[in-house]
Amino acid sequence: MAFTKFGLIPELLRAIEEKGYSSPTTIQAQAIPLILEGGDLLAGSQTGTGKTAAFSLPMMQNLMKKGRSGKVRALILTPTRELALQVEENVAEMGKHLPLKSTAIFGGVNIKSQIKVLSGGIDIIVATPGRLLDLVNQRIVNLSNIEILVLDEADRMLDMGFIHDIRRILKLLPPSRQNLLFSATFSEEIKRLANGLLNSPKMIEAARINSTVDAIAQVIHPVDSQRKAELLSMLIKTNNWQQVLVFMRTKHSANRLAGKLESDGISAVAIHGNKSQAARIKALEGFKNGTVRILVATDIAARGLDIDQLPHVVNFDLPNVPEDYVHRIGRTGRAGNKGEAVSLVCIDEHQYLKDIERLLRQEIPKVVIPNFQPNPSIKAQPISHGRQMAPRRNEANRPRTSFRNFSDKGSKQFKK
Ligand code: AMP
C-alpha cells in the first residue's frame, strides 16, 4: 500500500515523502479514504499508531477544496499542551506546501502572543479546551465557520474533566460540519459523547502499538544480506532456541531458508500462500508439539495462524509497512516472561528500520555479532518484493549509508 493510492493532492504527497513516511500505517490506510469522503468518524487508536497524520492529511485536503477564507475552519481539540504542540507541528509539516496556516493554543503561556498570531488569519486551530474558551469569550476566536472538528485523545480529555468545556465549545460550532473522534478506550461516557456528536459515523480501530511493544525485548543485528541465513543458524544453535517463528518477505526466500536450516540440522518448515491448507495445518501442529523447531512464514501466511506467546520471533527481513513489525513481534512474549524479537537488518533495509523506529518512538538496540559485521564497502540496493521489483521513490538516489552510522546508544555486547 502506498500513499499515492488515496488520491491525495501533490502538495501533501510531497510533504509525506519529505517527512520520510514510505507507507501508511493501519489507521492511516483506514482513516484517510473515509475522511476524504467527508463523513464522520469514530476511531479507536492510541498515540504511536500514526493517528495524527491519519486525520491531518485528509483534513487539509478537504479544506483545500474551497480554498482559503481567512477564517478558522478546522478545530482540533487535545487534552494537553504537549499534545497540542505535537499535533500542530505535524499539521504544519504535512501542510508545508499548502497556503493553510495553523497555530496551537493552550493555557499557561502569555495570551498576548497567541492573540497576535490569531490576528494574522488562521485556518486550523489546535487547542486545549480551557484556553480556547477564554479566547472565544474575549471575541478573539470565532468558531462559527468551523467545517471540521477533531477530538484527539477524547478519553483523556474526559478523564481530565473537560467534558463541560467540550460541550460549551460544541454549542459554538455550526451544526453542519465533519466530526472526527479519536479515543484509545470506549467508556460509556465516550459513547455518550460520540452519540451526541457524530452523524452516522464510520468506525475503525488500530492496533495498540505501545502496550504490545513494551513487553518485548527487541534487538537488531546488523548483517549483510548474503550472510543472514548463516547468522540465523548460528544464533539458533548457540542460544539453543527451540521454537522460533521467522518472518520473511517472500515465499521463495521462505522456502530457501527452510531448506538451508534443514541442511544445517535444524528442523524447519516454510508456510506461505502456495502451501495447501493441509500442509499448513501439519506444519503448525509440528511447530506446536516441538517436532518442527523453526517455522518460516510470510506476513500473509502468519496472519491466519493461531500462534502467539512464542519465546522468539525473528525478522529475517524487515517489513516495509512499519505496523507489520508490531504485528510480527506481538507474537512473542509468554505469561510472566519477556518475549524476544530479533531482527536481522542489512543496509538495504535502513529506511524501513528508520520508519519502524519513528513509529515506535524508540530506538531499537543494535548489536553487531562478532564475525558477522557488515562489510562497509557494500552499497544499498533496492529491495525486491516477491515477483516484481518495487523500489521506493528516490531509492536509487538515496544517500549511501552504512551501519557504521548507527548510533551506539543502547548497544550491548552479544553474549555467547
Ligand atoms: P502519532 O500516533 O500520530 O503520534 O505518530 C507516532 C509516530 O509515528 C510519529 O513520530 C510519526 O511521525 C510517525 N509516523 C506517522 N505515520 C507514519 C508512517 N506512515 N510511517 C512512519 N512513521 C510514521
Side-chain angles (χ1 to χ4, degrees), residues 31 34-45 51-52 54-56 58-60 62-63 66 69-88 91 100 102-108 111 114-115 118 122-204:
L34 294 175
I35 299 174
L36 286 176
E37 279 173 16
D40 285 4
L41 183 72
L42 178 61
S45 86
K51 68 183 164 64
T52 317
F55 63 72
S56 55
M59 175 192 80
M60 286 192 275
N62 289 352
L63 291 177
K66 282 201 201 155
S69 64
K71 294 176 179 149
V72 184
R73 293 163 60 210
L75 173 63
I76 303 167
L77 290 177
T78 71
T80 63
R81 51 188 287 176
E82 289 74 24
L83 188 62
L85 276 170
Q86 201 179 299
V87 168
E88 198 276 328
V91 167
L100 301 171
S102 57
T103 192
I105 287 178
F106 42 79
I111 202 164
Q114 292 180 340
I115 294 173
L118 286 163
I122 291 290
D123 306 87
I124 302 162
I125 287 184
V126 187
T128 52
R131 177 58 67 93
L132 180 70
L133 280 170
D134 278 354
L135 289 165
V136 171
N137 292 338
Q138 294 186 41
R139 300 193 186 281
I140 291 155
V141 171
N142 175 353
L143 297 177
S144 64
N145 296 292
I146 293 293
E147 294 165 27
I148 304 176
L149 169 73
V150 183
L151 296 187
D152 193 11
E153 303 201 359
D155 48 350
R156 264 175 87 197
M157 282 201 273
L158 297 192
D159 288 347
M160 291 169 74
F162 282 133
I163 186 69
H164 299 297
D165 283 350
I166 292 173
R167 294 209 185 278
R168 260 177 233 135
I169 292 169
L170 293 180
K171 286 197 189 123
L172 301 167
L173 306 180
S176 164
R177 54 171 201 264
Q178 183 173 24
N179 301 291
L180 314 173
L181 189 151
F182 287 76
S183 183
T185 55
F186 287 103
S187 60
E188 285 306 311
E189 211 183 355
I190 287 282
K191 284 184 199 151
R192 266 200 305 278
L193 177 67
N195 281 341
L197 175 71
L198 305 173
N199 246 325
S200 347
K202 297 268 168 44
M203 284 189 255
I204 56 175

Kindly compute the distance separating [atom1] ([X]) from [atom2] ([Y]), expressed to the nearest 0.5 Å.
X	Y	atom1	atom2	answer
Asn179	Leu41	CG	CG	10.5 Å
Ile146	Arg73	CD1	CZ	9.5 Å
Met157	Phe162	CE	CZ	8.5 Å
Gln138	Leu118	CD	CG	11.0 Å
Leu198	Leu42	CG	CG	6.0 Å
Leu172	Ser144	CG	OG	9.0 Å

Minimal non-hydrogen separation, [X] against [Y], with atom names:
X	Y	value
Val126	Ala84	CG1-O, 3.5 Å
Ser183	Ile190	OG-CD1, 3.7 Å
Met60	Val91	CE-O, 3.4 Å
Pro79	Arg156	CG-CB, 3.8 Å

(request) Under the side-chain hydrogen bond (donor to acceptor under 3.5 Å, both in side chains) rule, collect the residues that match up with Asp165, sequence neighbours excluded. (result) Arg168

Inspect the contact between [Y] and [X] and indicate whether a charged nitrogen and a carboxylate oxygen are less than 4.0 angstrom apart.
X	Y	result
Arg192	Glu189	no
Arg177	Glu147	no
Asp123	Lys71	no

(request) Could you check if a side-chain atom of Leu100 sits within less than 4.5 angstrom of a side-chain atom of Ile124, using non-hydrogen atoms only? (result)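 They are in contact (side-chain heavy atoms under 4.5 Å apart), so the answer is yes.
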
(request) Apply the side-chain contact (heavy atoms from CB on, under 4.5 Å) test between Leu149 and each candidate in Leu180, Ile76, Leu197; give the one that qualifies. (result) Leu197

(request) Spell out, as yes or no, whether a donor-acceptor pair under 3.5 Å connects the side chain of Gln178 to the backbone of Ile35. (result) yes

(request) Show your reasoning for whether side-chain hydrogen bond (donor to acceptor under 3.5 Å, both in side chains) applies to Asn199 and Asp40. (result) CA-CA 6 Å; Asn199 246 325; Asp40 285 4; 4.8 Å; no

